[in-house]
4 protein chains.
Amino acid sequence: MLQIQVITGSKVPIYRQVVDQIRSAIGSGAVAIGQPLPSVRSLAGELVVNPNTIAKAYAALVADGVVESQQGRGYFVAQRREIYTKAERTRRLDEAVGPMVAEALSLGFSEQEIIGAISKHFQKLGKS
Amino acid sequence: MLQIQVITGSKVPIYRQVVDQIRSAIGSGAVAIGQPLPSVRSLAGELVVNPNTIAKAYAALVADGVVESQQGRGYFVAQRREIYTKAERTRRLDEAVGPMVAEALSLGFSEQEIIGAISKHFQKLGKS
Amino acid sequence: MLQIQVITGSKVPIYRQVVDQIRSAIGSGAVAIGQPLPSVRSLAGELVVNPNTIAKAYAALVADGVVESQQGRGYFVAQRREIYTKAERTRRLDEAVGPMVAEALSLGFSEQEIIGAISKHFQKLGKS
Amino acid sequence: MLQIQVITGSKVPIYRQVVDQIRSAIGSGAVAIGQPLPSVRSLAGELVVNPNTIAKAYAALVADGVVESQQGRGYFVAQRREIYTKAERTRRLDEAVGPMVAEALSLGFSEQEIIGAISKHFQKLGKS
DNA sequence: GTGGTCTAGACCACA
DNA sequence: GTGGTCTAGACCACC
């Protein structure tokens, strides 16, 4: 079952939160290939956000190839395919790690504390 | 020596790249307390960006208490001090970890791979 | 209702005047948590200043955790939270008190008169 | 005896610190009318600051009428004279109080705590 | 519509 | 020389 939560006050834009959470759900196997996603309207209603925002999130997922739209039927989890080369994936990972480490360092956290926070984050993800 | 590189056209804004790199340099001890930062104009010239952009980056560092400005003299690495409460520090760390993990997951990386990337990042910081 | 007035040509910069007045309004409870602030463009138009100046003021308020921004929606009064350590709060208070007292002393005011002016100031805040 | 201390890292410019402290010393009667001030060079040497900075401070004091220069002899404490009208003095006091209260409020301090900090500040002034 | 970033260029204050 | 403020105007991202 697909459980999505959005934090309106966050610095991360809403449509991005939706994209990330759906990607994570698909990546972790929580939703299987071929399964339908909630309709734009229903998800928008559930999260109390603008339908345009959900539509934009779905469009981004389609553009990335992790979701397919079937005219008139809805959106479905696509066959998993590698879009990025390994080098590109690593580059993107490093690009995400850098700012996070910079922030943590200036807050006075050590490498161990950072890794601990990540483990804790994963535990929370697993539970919910 | 403080070496800064910016990628124009990146998704992360230029001033943010500057902030992150200076934070990392200070946080990892690459630049010592009391040392002067390059002047706004000189760094702007070096990176071929507008001085205002550098000024914005430096202002952010001042707001975080990482550096101090002295009118007419320049910017200097500040004495390290505890500015934020534990709760606030944790909150900010989590806020930085969340999007990073989401990005990594959507790229198909595992928890172990993420932690590995962080360790690698720290090694790179130590060496330079 | 948030009423802001700026004095151009004053020694204290415009963006600072805006910051101070909004801080006072929030700190004294004149505007409630969650309420939206005027949009950057509208306030800029009202005060006849450049939008960038208002943006700078709002950014400072965000850095202090007093307000929060939501992309595409606006700025909102943030939930009150303890951001700074006790030491840092005291340090900042002293840093604000020092110059103010020096100015008052040089104008020939006594300690009692200064305290009186502060009480009067609070009364004015409460009334408006 | 005139004891001056400057804090280089402060947000208050050095020349302003010098002006404020000399004004306070004169205002409180610590230095009597007609007494000489230290020479620009000696004070600059003592405080380890640029002589231009001291010269600027003295010039500001002369402009305000609390100090007089006697060509070739030095600077002397002038006859005290009221430069500002009462309304003007009050206006300036309020102008100094406003930002300080705004800062304190956003730091979460109460009126009583602010007044306490001021009293403490005066005690510290008296002791030194 | 909202905020966020960047540029170009001006003027002032400080050391 | 240094930083600090402000303006004018552009382009982008988000809702």
Original post:
Under the 3.5 angstrom rule, does the side chain of A:N50 hit a backbone N or O of A:N52 as a donor-acceptor pair?
Top reply: yes
Original post:
What pairs meet the salt bridge (Lys or Arg N to Asp or Glu O under 4.0 Å) rule with one or both residues in residues 50-60 of chain C, with sequence neighbours excluded?
Top reply: none
Subject >> Listed nucleotide nearest any side-chain atom of B:T53, set E:dT7, F:dT7, E:dT5 >> reply: E:dT7
**OP:** Report yes or no: does C:S28 contribute a side-chain atom to a donor-acceptor pair with the main-chain N or O of C:S24 at less than 3.5 Å?
**Re:** yes
**OP:** State, to 0.1 Å, how close A:A55 and A:V40 come at their nearest heavy-atom pair, and which atoms those are.
**Re:** N-CG1, 4.1 Å
Original post:
Short question: side chain of B:R89, backbone of B:Y84 - any donor-acceptor pair under 3.5 Å?
Top reply: no
Original post:
Does A:E88 come within less than 4.0 Å of A:R91, counting only side-chain N to carboxylate O?
Top reply: yes
Original post:
Starting at the 5' end of DNA chain E and moving along, which residue's nearest nucleotide shows up first, B:R73 or B:P51?
Top reply: B:P51
Original post:
Is any side-chain N or O of C:Y75 closer than 4.0 Å to OP1 or OP2 of E:dG4?
Top reply: yes
**OP:** Could I get the full list of salt bridge (Lys or Arg N to Asp or Glu O under 4.0 Å) partners for B:R73, not counting sequence neighbours?
**Re:** none
Original post:
Given E:dG4, E:dT7, F:dG3, which nucleotide is nearest the side-chain atoms of C:S69?
Top reply: E:dG4
Original post:
Between E:dT5 atom C1' and C:Y58 atom OH, what is the distance in whole Å?
Top reply: 19 Å
**OP:** Examine distances only and state if a side-chain atom of D:E68 and a backbone atom of D:V77 form a donor-acceptor pair shorter than 3.5 Å.
**Re:** no
Original post:
Would you say the side-chain atoms of B:R23 pair up with the backbone N or O of A:S106, donor to acceptor, closer than 3.5 Å?
Top reply: no
Original post:
So which of residues 5-17 of chain C are in contact with DNA chain F, with a heavy-atom cut-off of under 4.0 Å?
Top reply: C:P13, C:I14, C:Y15
**OP:** Only pairs at least two apart or in different chains count here, so list each ring-ring contact (aromatic ring centres under 6.0 Å, His included) that has a residue in residues 51-75 of chain B.
**Re:** B:Y58-B:Y75
**OP:** Send over the distance from C:F76 CZ to E:dT2 P, rounded to a whole Å.
**Re:** 12 Å
Could you list the protein-to-nucleotides 9-12 of chain E atom pairs, N/O on both sides, closer than 3.5 Å?
from: E:dG9; atom 1: O6; to: B:N52; atom 2: ND2; distance (Å): 3.0

Subject >> Rounded distance (Å) that lies between atom P of E:dG1 and atom CD of C:Q71 >> reply: 16 Å
Original post:
Distance check: side-chain N/O of A:K56 vs OP1/OP2 of F:dC14, anything under 4.0 Å?
Top reply: yes
Subject >> Ranges pairing with ranges for DNA chain F, where each run has three or more Watson-Crick or G-U pairs under 3.5 Å >> reply: E:1-14 with F:1-14
**OP:** Could you tell me the separation between the CG atom of C:L47 and the P atom of F:dT7, rounded to a whole number of Å?
**Re:** 10 Å
**OP:** Using modelled atom types only, decide if a donor and an acceptor are shared between the side chain of C:Q79 and the backbone of C:I33 within a distance under 3.5 Å.
**Re:** no
